[in-house]
Amino acid sequence: MYFYSTNNKGHKVSLKTAVMESLAPDNGLYMPENFTTLPDTFFQNLPSLSLQEIGVEITKNMLGSELNESEIETIVYDALTFPAPLVPLDSQKYALELWHGPSLAFKDFGARFMAKLMGHFIATGDKTQTILVATSGDTGGAVAAGFFNTPGIKVIILFPKGKVSELQEMQLTTFGGNIEAIEVDGNFDDCQSLVKQAFLDKEINNKYHLSSANSINIARLIPQSFYYFEAYKQVKSVSKDKDIVFSVPSGNFGNLTAGLIGKKMGLPIKRFIAATNSNHIVPDYLISGKYEPKPSVPTISNAMDVGAPSNFTRIMDLYQHDYQSIKKDMNGFWLDDEGTKNAMKEAYTKYNYICDPHGAIGYKSLDTLSNNEVGIFLETAHPAKFLDTCQTVLETEIAIPDALLAIKGKAKESTTLSKDFKSFKTYLLDKNNYY
């Protein structure tokens, strides 16, 4: 299996190069050369497979030419040590809870898989690697937890100053060790731009062996496809002959792209809903056919505050830039903050279910289902990560999980920089470190 750049399909690299370099030299994103449909026997056996067994079979299908079965099993079983339960609200609506991992967010699936895969490559001869990651909230915490104390890897997390929740910030800034946090005086798009510019800068690359843990790295998307199959397995036993729809709260669109990759491998899903907040660039595209990135605006669903989603490039590539084909598999939906709060209240009042501000938008989008459809919305983060918002909106106390309680009171360690690339470059080049 080779991986090509979305900017040049003639530029092909190995899995190791795609994962360890993250971004192609021409600024393109890496994509698998082909998607092999999973065999009929996989779907026949699916009801009896565990999440880990599903992950092994999908990884073998995609990466079996580059990793042997034993290596794949070790990576998957070491990474996936937590469940992805499907919670019924009624006979037509289900929540897929993806926050049962160590950082209490869906990003744990991709971050832990990537950490194990990179650790495997480093163990086979690579030099020390520096991971650059931009986060709008949850990615950084998952990456910090997944890569903490991984030999041969240093992580530098960039997050927008004052634009993540208090508990999210603590997850980014209290690890120490091989995890370093930088507060950028800007928004997530500024953080993402700094990461991308660093990958293209020769002086920085002469000093560092860079990689990214953002969803620009294909290793993040592969394991995120696993839980779509897991959810399908769980719901199919009760949905009978109804069509299945996934609603995906979306910011940088890696999560939705992973679902579309699953569909390319044969997962029988009717359609996906791209659920966003006031940063509704992709829903607008699905109406007009025009993709127009804009500066992001802050919302209470901050992990989705993205005005130029990187993975839209991959979605376009999957569909050969055919607008009608994309519209056939995707619908758009968005809510502003007031609509999001109302959706949170509705889910709590009607079903006694607590949605975080991101999952609430996915929940509300399921009002668009037809009678012959069953909808699954992705609950992407534990509500306690947005404690003030959830408790204020729902007027109820939210229990804080032990994983978050453990970091309260820890000392914050971070550096503040402007959004100007020159200051970030100077900071990296002036560092005296072991990379």
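- With sequence neighbours excluded, the residues satisfying side chain to side chain contact (heavy atoms under 4.5 Å, CB included) with Lys60 are Val56, Glu57, Glu69, Ile72.
- Under the side chain to side chain donor-acceptor pair (under 3.5 Å) criterion, Ser212 pairs with no residue, sequence neighbours left out.
- Applying the salt bridge (Lys or Arg N to Asp or Glu O under 4.0 Å) criterion to Lys425, with sequence neighbours excluded, gives Asp201, Glu203.
- For Ala381, the side chain to side chain contact (heavy atoms under 4.5 Å, CB included) test picks out Ala105, Asp138, Asp356, Lys385, Phe386, with sequence neighbours left out.
- Judged by distance alone, the side chains of Thr276 and Ser250 never bring a donor and an acceptor atom under 3.5 Å apart.
- The side chain to side chain contact (heavy atoms under 4.5 Å, CB included) search around Thr426 returns Lys422, Asp430, not counting sequence neighbours.
- Residues passing the salt bridge (Lys or Arg N to Asp or Glu O under 4.0 Å) test with Asp337: none are found, sequence neighbours excluded.
- Checking Asn311 against Arg314 by side-chain atom types alone, a donor-acceptor pair falls below 3.5 Å.
- Residues satisfying the salt bridge (Lys or Arg N to Asp or Glu O under 4.0 Å) criterion with Glu66, sequence neighbours excluded, are absent altogether.
- For Phe82, the ring-ring contact (aromatic ring centres under 6.0 Å, His included) criterion is met by Phe109, not counting sequence neighbours.
- Judged by distance alone, the side chains of Ser423 and Ser418 do bring a donor and an acceptor atom under 3.5 Å apart.
- Counting only distance, with no hydrogens or angles, the side chain of Asn372 and the backbone of Lys242 share no donor-acceptor pair below 3.5 Å.
- Scanning for side chain to side chain donor-acceptor pair (under 3.5 Å) contacts around Lys412 gives Glu169, Glu183, with sequence neighbours left out.
- Residues passing the side chain to side chain donor-acceptor pair (under 3.5 Å) test with Asn277 are Asn279, Thr299, Ser301, Asp305, sequence neighbours excluded.
- Side-chain atoms of Lys196 and Ser310 form a donor-acceptor pair, as typed in the model, at a separation below 3.5 Å.
- Judged as a side chain to side chain donor-acceptor pair (under 3.5 Å), and not counting sequence neighbours, the contacts of Asn252 are Gln192.
- Annotation: side chain to side chain contact (heavy atoms under 4.5 Å, CB included) contacts of Asn8 (sequence neighbours excluded): His11, Asp26.
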